[in-house]
There are 2 protein chains.
Amino acid sequence: MAKTPNSIQDITRELDFGPLTDLVGYRLRKAQIAAYQGFMTGQDAPGLTPGQVGVLILIDRNPALTQQTLSYGIGVDKSTLVATLDRLTERGLIRRVRSAVDRRQNELRLTPKGKKTLHDALGYIDRHEMNLTSRLSADERETLITLLHKIG
Amino acid sequence: MAKTPNSIQDITRELDFGPLTDLVGYRLRKAQIAAYQGFMTGQDAPGLTPGQVGVLILIDRNPALTQQTLSYGIGVDKSTLVATLDRLTERGLIRRVRSAVDRRQNELRLTPKGKKTLHDALGYIDRHEMNLTSRLSADERETLITLLHKIG
DNA sequence: TATTGTTATACTCTATAACTATA
DNA sequence: TATAGTTATAGAGTATAACAATA
């Protein structure tokens, strides 16, 4: 029998990726896609993107966080953030509270529902993290994080 | 003197990122963004995205590569690939050659200009890779690649 | 004048569905 | 009928520029 590649996996395996295979930049991209996909499709996924959960975490841990500061924190433009916050507001997870000190600013807060959702999401994140690194030992996982810190 | 945060770096440093800081998924995203930005803005950047260079590499190393197979290889839909290939064609880097065997298929080929561009881009990739991993030892870099392979 | 949040706009990346030409 | 490539379309993510309210 001749080798007849049928599945996408077969085809991909037969392709020559040349120098891409062991390039940090390329491996980062593949790993990041795998992490994102895994997060979004896992058992009991929270129905939020990793970025949205990140926003909830920052709001939770930084009292009176403003949109401008949050936009610096997550590295996106303040205009980009508006739609994200709109969506979280519509879902009843956060509120924008006009600052009494400087009425140009919004102070971002979690609603009770937002707190509950974040709590559940944090549990999910732990399970997802274990899943993502299931082929790594605890030492390897720590090493990976340390090395990624040196790049990011 | 009070600590008065002025720069974005100051503000970001004072933010509490909670569990995000040591999450593999989050660190992957930050590292990937750093890699992409570094690639695009580095000295002598080729004016191509990492993805576009990846396409050139695959075309170069896989004779008579078809669009369908390439789309499996890089993990995007065949319809998504069309615009990418259009752009590379407009820039004179690749050609679509109708297959004589199966006239539905295009065989993708680098033009001489595409070969030259890829050759230069490969040199740039090496420099960028060194730059990206400048805070890592050779051993650490190898370890990182190995660990990323286990995730992607 | 400068800053905060918003809107208008545009560009990229992505996919799904329908189309064409071939098989 | 099925496949390869294309087009039409839509949604998410991103940024820049201009605006209103406020400082």
Side-chain angles (χ1 to χ4, degrees), chain A residues 4-8 11 29-30 32-33 36-37 39-41 47-55 59 64-91 94-109, chain B residues 4-8 11 29-30 32-34 36-37 39-41 47-55 59 62 64-91 94-109:
Chain A
T4 40
N6 290 320
S7 70
I8 293 178
I11 293 173
R29 176 160 167 274
K30 299 303 272 188
Q32 212 257 301
I33 291 171
Y36 183 87
Q37 308 274 39
F39 187 93
M40 293 304 286
T41 61
L48 296 166
T49 66
Q52 287 173 328
V53 176
V55 165
I59 293 175
L65 182 65
T66 67
Q67 295 184 201
Q68 187 93 261
T69 303
L70 176 56
S71 89
Y72 295 153
I74 61 176
V76 304
D77 192 83
K78 59 195 168 113
S79 68
T80 303
L81 196 55
V82 173
T84 302
L85 297 179
D86 284 349
R87 246 171 271 133
L88 294 174
T89 302
E90 282 159 25
R91 294 178 61 167
I94 68 167
R95 279 192 310 147
R96 292 163 160 111
V97 179
R98 212 83 210 179
S99 164
V101 184
D102 183 337
R103 289 165 48 70
R104 291 172 302 185
Q105 298 177 332
N106 287 332
E107 295 177 358
L108 300 170
R109 297 193 200 155
Chain B
T4 41
N6 290 320
S7 71
I8 294 177
I11 294 173
R29 176 159 166 274
K30 300 301 273 188
Q32 213 257 303
I33 290 171
Y36 183 87
Q37 307 273 38
F39 187 94
M40 294 303 286
T41 61
L48 296 165
T49 66
Q52 287 173 327
V53 176
V55 165
I59 293 175
N62 298 276
L65 182 65
T66 66
Q67 296 184 199
Q68 187 93 262
T69 303
L70 176 56
S71 90
Y72 295 151
I74 61 176
V76 304
D77 192 84
K78 59 195 168 112
S79 69
T80 302
L81 196 55
V82 173
T84 301
L85 298 179
D86 284 349
R87 247 171 270 134
L88 294 175
T89 302
E90 282 159 24
R91 294 177 61 168
I94 67 166
R95 278 191 311 147
R96 293 164 159 110
V97 180
R98 212 81 211 181
S99 164
V101 183
D102 182 338
R103 289 165 46 70
R104 292 172 301 185
Q105 299 178 329
N106 288 331
E107 296 176 358
L108 301 170
R109 297 193 199 155

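Lettering follows sequence order; numbering is per chain, from 1. Computed from a prediction, not measured in an experiment: that's the story for all the values here.
- Residues that satisfy the ring pair (Phe, Tyr, Trp, His ring centres under 6.0 Å) test with B:Y72, not counting sequence neighbours, are absent from this structure.
- Using a distance-only test at 3.5 Å, with no hydrogens or angles considered, no donor-acceptor pair links the side chain of A:R95 to the main chain of A:T89.
- For the pair A:I33 CD1 and D:dA12 C1', the computed distance is 15 Å after rounding to whole Å.
- A:F39 and A:V53 get closest at one heavy-atom pair: CZ-CG2, 4.0 Å.
- Contacts of A:R109 classified as salt bridge (Lys or Arg N to Asp or Glu O under 4.0 Å), with partners at least two apart in sequence or in another chain: A:E107.
- How far CG of A:N106 is from OG1 of A:T66: 8.5 Å, rounded to the nearest 0.5 Å.
- Closest of all the heavy-atom pairs between A:R98 and A:R103 is NE-O, 2.9 Å.
- Toward the 5' end of DNA chain C, the nearer of the two residues A:R96 and A:R29, judged by each one's closest nucleotide, is A:R96.
- Residue A:N106 is in sugar-phosphate contact alone, with no base atom involved, counting any heavy-atom pair closer than 4.0 Å across all strands shown.
- B:L70 contributes atom CG, which lies 5.0 Å from atom CG of B:L65 (distance to the nearest 0.5 angstrom).
- Judged by distance alone, with hydrogens and angles left aside, A:S79 brings a side-chain donor or acceptor within reach of the base of D:dT16, the pair sitting under 3.5 Å.
- In this structure, B:I94 CD1 and B:Q52 CD are separated by 10.0 Å, a value rounded to the nearest 0.5 Å.
- For DNA chain C, the residues of residues 80-88 of chain B within the heavy-atom distance limit of 4.0 Å (strictly under) are B:T80, B:R87, sorted by number.
- Contact detail for A:P50 and A:M40: the closest heavy-atom pair is CD-SD, 3.9 Å.
- Of all nucleotides in DNA chain C, those with any atom nearer than 4.0 Å to a heavy atom of chain A start and finish, going 5' to 3', at C:dA2 to C:dT7.
- Between atom CD1 of residue A:I59 and atom CG of residue A:L88 there is a gap of 6.5 Å, rounded to the nearest 0.5 Å.
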For residues 78-87 of chain B, which side-chain N or O atoms pair as donor and acceptor with protein atoms under 3.5 Å away, sequence neighbours left out?
residue, atom, partner, partner atom, Å
B:S79, OG, B:D77, OD2, 2.8
B:D86, OD1, B:R96, NH1, 2.9
B:D86, OD1, B:R96, NH2, 3.0

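- Distance B:Q68 CD to D:dT6 P: 11 Å, rounded to the nearest Å.
- When the P atom of D:dT14 is taken as reference, atom OH of B:Y36 falls 12 Å away, rounded to whole Å.
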Is there any protein nitrogen or oxygen under 3.5 Å from a nitrogen or oxygen in nucleotides 21-23 of chain D, and what are the pairs?
residue, atom, partner, partner atom, Å
D:dT22, OP1, A:R103, NH2, 3.2
D:dA23, OP1, A:R103, N, 3.0

